[in-house]
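Down below is the structure, laid out as structure tokens.
Nothing fancy with the numbering, it's 1 onward along the sequence.
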Amino acid sequence: MPSFFAPTRRFSLASPLLLLGLFTINLIPTADAQIGVCYGMMGNNLPPANEVIDLYKANNIKRMRLYDPNQAALNALRNSGIELILGVPNSDLQSLATNSDNARQWVQRNVLNFWPSVKIKYIAVGNEVSPVGGSSWLAQYVLPATQNIYQAIRAKNLHDQIKVSTAIDMTLIGNSFPPSKGSFRNDVRAYLDPFIGYLVYAGAPLLVNVYPYFSHVGNPRDISLPYALFTSPGVMVQDGPNGYQNLFDAMLDSVHAALDNTGIGWVNVVVSESGWPSDGGAATSYDNARIYLDNLIRHVGKGTPRRPWATETYIFAMFDENQKSPELEKHFGVFYPNKQKKYPFGFGGERNGEIVNGDFNATISLKSDM
């Protein structure tokens, strides 16, 4: 889940693949099609999976992230039309990396048994694994597990429909300012560079968890709350031709730059988590969370200064989850466990693209949204 430090990155590549990427992505003009919501289950008071899927459909939420192949959820997703990021838990990485039969069985049990009635779009092999820190021992397994899952998908000729990747957090970024100088940490390059090479080969995106909240609370002196909430009245960071009026764009473009600056090849980015807690820590409040999430939903259809097309983005999370810790981790939900909406905004085509300021009815224009 969210990491407590979050820098920013960025990228540039002129190639036929880039032009093709621009062309294909621009075929998706609607902002609402870009929003998904992560379905976490770390609560003892959450509704059953079939009711959760009904809640997604009733609220026009067309994409979901699952962190493990929960069979009740997968069964409830059949014929729902909801597109899915399906997670491989970190606890399964070693088994899938060291035995290709295990990977084939995992794909049969959790993908082929549900495809195509469940619209699996991505498989996220591991979440926030890093070669430095507490999960470092798992890092050696991420690429081989991903390759084994990919080969099992490819053997069924589904590798163009189902893309296999992993989800990283922003701690892997070494330099993030200015965004165009974004780069990965030197001590993670031996881990990341081969994975980026695989992504280029497979035509798969990198999944990135992007939390302006944690960047702001980690450095409130330099990163203002309005910059983090999309409510700055003007450009806060000028980076060559690109002006940044919000932290989300700066963080995301620093990832784009970090990928680009490796020189390995074009890789798209999907924001696999972003959110703001409504309680439990510094800068947490109902209003801050409402303003951030509402503005995020309005904003992602416009893209970033570096990549000015819609950014596929998944809000964390569907529900407040009372078995998470520390306390603020319990308060990321956009719904309460009783299925009541926490916030008044919607997730679909009714969004008008204007940015919400501190006053719920006030809007300001975003100079950097070009």
Self-check item: Over all atoms of both residues, closest heavy-atom pair of Q94 and T98
Solution: O-OG1, 2.7 Å
Quiz prompt | K339: salt bridge (Lys or Arg N to Asp or Glu O under 4.0 Å) partners, not counting sequence neighbours | solution = E51
Practice problem: Decide whether D249 and N246 meet the rule of one side-chain donor and one side-chain acceptor closer than 3.5 Å. | Solution: yes
Quiz item: Taking S278 for the side chain and A289 for the main chain, is one N or O donor matched with an acceptor at less than 3.5 Å?
Solution: no
Exercise. Can you label the angle between the F347 ring and the F345 ring as parallel, tilted or perpendicular, going by 30° and 60°?
Key: perpendicular
Exercise. Without swapping roles, check the side chain of N288 against the backbone of A283 for a donor-acceptor pair under 3.5 Å.
Key: yes
Quiz item: Taking C-beta and beyond as the side chain, do L207 and R65 meet within less than 4.5 Å on heavy atoms?
Solution: no
Quiz item: If you look at every heavy atom in W106 and I149, which pair is closest and at what distance?
Solution: CE3-CD1, 3.8 Å
Self-check item: Side-chain heavy atoms of F214 within contact of T171, under 4.5 Å
Solution: no
Quiz item: For A73, what residues pass the side-chain contact (heavy atoms from CB on, under 4.5 Å) criterion, not counting sequence neighbours?
Solution: Y39, M41, A49, L66, N70
Self-check item: Residue from F316, W276, F248 passing ring pair (Phe, Tyr, Trp, His ring centres under 6.0 Å) with Y213
Solution: W276
Exercise. Using the test side-chain contact (heavy atoms from CB on, under 4.5 Å), find all partners of R189 that sit at least two apart in sequence or belong to another chain.
Key: F184, D193, T262
Quiz item: What about L259 and V271, same hydrophobic cluster or not, with Ile/Leu/Val/Met/Phe/Trp/Tyr joined at side-chain heavy-atom distances under 4.5 Å?
Solution: yes
Exercise. Check the surroundings of atom NZ in K342: do more than 12 heavy atoms from other residues, nucleotides or ligands lie under 6.0 Å from it?
Key: yes
Exercise. Grab the two heavy atoms, one from P337 and one from P47, that are nearest each other, plus how far apart they are.
Key: O-CD, 3.3 Å
Quiz item: So, for F195 and Y198, is the gap between ring centers shorter than 6.0 Å?
Solution: yes
Practice problem: Check the pair V237 / F177 against side-chain contact (heavy atoms from CB on, under 4.5 Å), numbers first and verdict last. | Solution: CA-CA 9 Å; V237 173; F177 186 85; 3.7 Å; yes
Exercise. Only pairs at least two apart or in different chains count here, so list each ring pair (Phe, Tyr, Trp, His ring centres under 6.0 Å) that has a residue in residues 108-142.
Key: none
Quiz item: Do N261 and S183 have side-chain atoms, one donor and one acceptor, less than 3.5 Å apart?
Solution: no
Self-check item: Contact check, side chains of I315 and V334, non-hydrogen atoms, under 4.5 Å
Solution: yes
Practice problem: Without swapping roles, check the side chain of Q71 against the backbone of P69 for a donor-acceptor pair under 3.5 Å. | Solution: yes
Quiz item: Is it true that atom CG of N186 has more than 12 heavy atoms of other residues, nucleotides or ligands lying nearer than 6.0 Å?
Solution: no
Self-check item: Minimum heavy-atom distance between L172 and V129, given as atom pair plus value
Solution: CD1-O, 4.4 Å
Quiz item: How are the rings of F230 and H299 set relative to one another: parallel (under 30°), tilted (30 to 60°) or perpendicular (over 60°)?
Solution: tilted
Quiz item: Can you name the residues that form a salt bridge (Lys or Arg N to Asp or Glu O under 4.0 Å) with D222, not counting sequence neighbours?
Solution: none
Self-check item: Any donor-acceptor N or O pair under 3.5 Å, side chains S274, Y292
Solution: yes
Quiz item: Just checking, is any N or O donor in the side chain of S272 or N209 under 3.5 Å from an acceptor N or O on the other one?
Solution: yes
Quiz item: Going through the distances and angles, do N127 and N90 end up as a side chain to side chain donor-acceptor pair (under 3.5 Å)?
Solution: CA-CA 7 Å; N127 184 51; N90 291 353; over 6 Å; no
Quiz item: Taking only residues two or more places apart in sequence or in another chain, which ones pass side-chain contact (heavy atoms from CB on, under 4.5 Å) with S136?
Solution: none
Quiz prompt | Check: T146 side chain, V125 main-chain N or O, donor-acceptor pair, under 3.5 Å | solution = no
Quiz item: Minimum heavy-atom separation for H159 to Y150, with atom names?
Solution: CB-CE1, 3.8 Å
Exercise. Can you see which heavy atom on M236 is nearest to which on S224, and at what distance?
Key: CE-OG, 4.4 Å
